[in-house]
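Below is one structure; the comments refer to it alone.
Quick caveat, the model's predicted, so the values are computed rather than measured.
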Number of protein chains: 2
Amino acid sequence: MATRQGLDAESVLQAAIELADQQGIELLSLAALATKLKIKTPSLYNHIKGLPDLRKQLSKRGLLLVKDAMIEAVIGKAEDEALLAAGVAYVDFARKQPGLYEAISALPDYEDPELQEVGAGVVSFLLRILAPYGLSEEDALHVVRGFRSIVHGFASLELQNGFRMGLDRDESLRRLLQTYLRGLRGDAGREK
Amino acid sequence: MATRQGLDAESVLQAAIELADQQGIELLSLAALATKLKIKTPSLYNHIKGLPDLRKQLSKRGLLLVKDAMIEAVIGKAEDEALLAAGVAYVDFARKQPGLYEAISALPDYEDPELQEVGAGVVSFLLRILAPYGLSEEDALHVVRGFRSIVHGFASLELQNGFRMGLDRDESLRRLLQTYLRGLRGDAGREK
DNA sequence: TTACAAAACTAATGACATTAGTTATTATAC
DNA sequence: GTATAATAACTAATGTCATTAGTTTTGTAA
């Protein structure tokens, strides 16, 4: 019949990423993916374990890529400048690969050890950026949570069209991060 | 056959909220909902338009309730104290009604006018809390975006089990909000 | 050239949402 | 109190999925 095309796990994942970015993660089905690849749905099972497995792969790839984007963004920068750049890179990633970003945030199974590992990679990257601030380990971890909440919250709301006013979004993000960083300067752990 | 039970749209919605809170929004299906209500799936169509409509109703109800929770929390409070209380109430809502909260954040159709209206209600509530700060309209809108990003990001990550370190989560949230508020004090609009 | 592994296929199943058409029950009007 | 209309349930049927089992084909390596 149709001559065999050299499909492998990676090309299937790439096609899934394209579909997700174009139509949203909700509309990523094995049926749609198979059509895009010009094969029948069951043939996908030669490359993936099933839909949940595919979603997990998307989450993992998304986490790896968003971390890469942040690493790239902070080259030659330190302290506030680095954190600001990392935050902007994070949100830009979500804008450029919305489906992949959804895959990160759409409640995947975070109990999965593989996902925990890549998640931990992001955390340790942020901790290294925070090192020059000389925070205690506990303080630094609270800041990591804060930073992640800020950038994820912003990216997530923006992707949902949650920001409806005709107000510059980049400006909102910059202010949010700068305000947080300024507050951090005033902290020594915490007062109050 | 079975004697008719006085089901109406509201009781169906309530049952859907329970299911979503217990099992997560992903597992809320019409089949599961019908089983819970001891009717057959098609009978649900006497009360709802379909699954997308039901999801929209959940989103709307969630937004209304989270706003109520914040309003309740800020009674007798102002400025930083009020914003802190509102933020904590927001996150607590997500903890107590996780399925309903997912419905808010699981990318519903924000183009829908009804959802826009309740969303605008949340924004105008926050603007009223910000009034005493004497910000310009533009500055205040940026702050609203910042606040929403922070609390949504935190709630969303926490619900995903995104915070894995054995670090007190309430403390993380308090610090995050307080750091942001402290940064706000140092702002006059923005400086550099 | 033959044999084996891999990648495609067809066929079948079961869960689901949705629509159409039917029956039964409640409430209202007389 | 009985007839009627509206409503809420039902059964049956369709189409879309994901998934599994079993089969055929193709590329590669012996």
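Rounded to an integer number of Å, the gap from Leu28(A) CG to dC17(D) P is 12 Å. The CG-C1' distance, from Leu33(B) to dT18(C), rounds to 15 Å in whole Å. The CG-P distance, from Leu44(A) to dA6(C), rounds to 18 Å in whole Å. The CG atom of Leu30(B) sits 10 Å away from the P atom of dC16(C) (whole-angstrom rounding). Rounded to whole angstrom, the span from the CD atom of Glu26(A) across to the P atom of dC16(C) amounts to 17 Å.
Under the 4.5 Å side-chain heavy-atom criterion for ILVMFWY residues, no single connected hydrophobic cluster contains both Leu27(A) and Ile104(A).
The shortest heavy-atom contact between Leu177(B) and Gly87(B) is CD1-CA, 4.0 Å.
A donor-acceptor pair shorter than 3.5 Å can be found between the side chains of Ser11(B) and Asp8(B). No hydrogens or angles considered: a donor-acceptor pair under 3.5 Å links the side chains of Glu10(B) and Gln14(B).
Here dC9(C) is the nucleotide among dA18(D), dC9(C), dA17(C) with the atom lying nearest to any side-chain atom of Ile39(A). Checking dA17(C), dA9(D), dC10(D) against the side-chain heavy atoms of Lys40(B) singles out dC10(D) as nearest. The listed nucleotides are dC9(C), dA18(D), dA20(C); the one nearest the side chain of Ser43(A) is dC9(C). Nearest to the side-chain atoms of Pro42(B) among the listed nucleotides dT18(C), dA8(C), dA18(D) stands dT18(C).
Within 6.0 Å of atom NZ in Lys36(B), more than 12 heavy atoms from other residues, nucleotides or ligands are found, so the atom counts as buried in its surroundings. By the neighbour-count criterion of 12 heavy atoms within 6.0 Å, atom CD of Glu137(A) is sparsely surrounded, having that number or fewer from other residues, nucleotides or ligands.
For the OP1/OP2 pair of dT20(D) and a distance below 4.0 Å, the side-chain nitrogens and oxygens of Tyr45(A) include no atom meeting the criterion.
Of the residues in residues 10-17 of chain B, none lies under 4.0 Å from DNA chain C by heavy-atom distance. In the region residues 46-54 of chain A, proximity to DNA chain C at under 4.0 angstrom, judged on heavy atoms, holds for Asn46(A), His47(A).
Side-chain contact check for Asp80(B) versus Arg185(B): some heavy-atom pair is nearer than 4.5 Å. The shortest side-chain heavy-atom distance between Arg145(B) and Leu157(A) does not fall under the 4.5 Å cut-off.
Between the Arg148(A) side chain and the Gly162(B) main chain, a donor and an acceptor come within less than 3.5 Å of each other.
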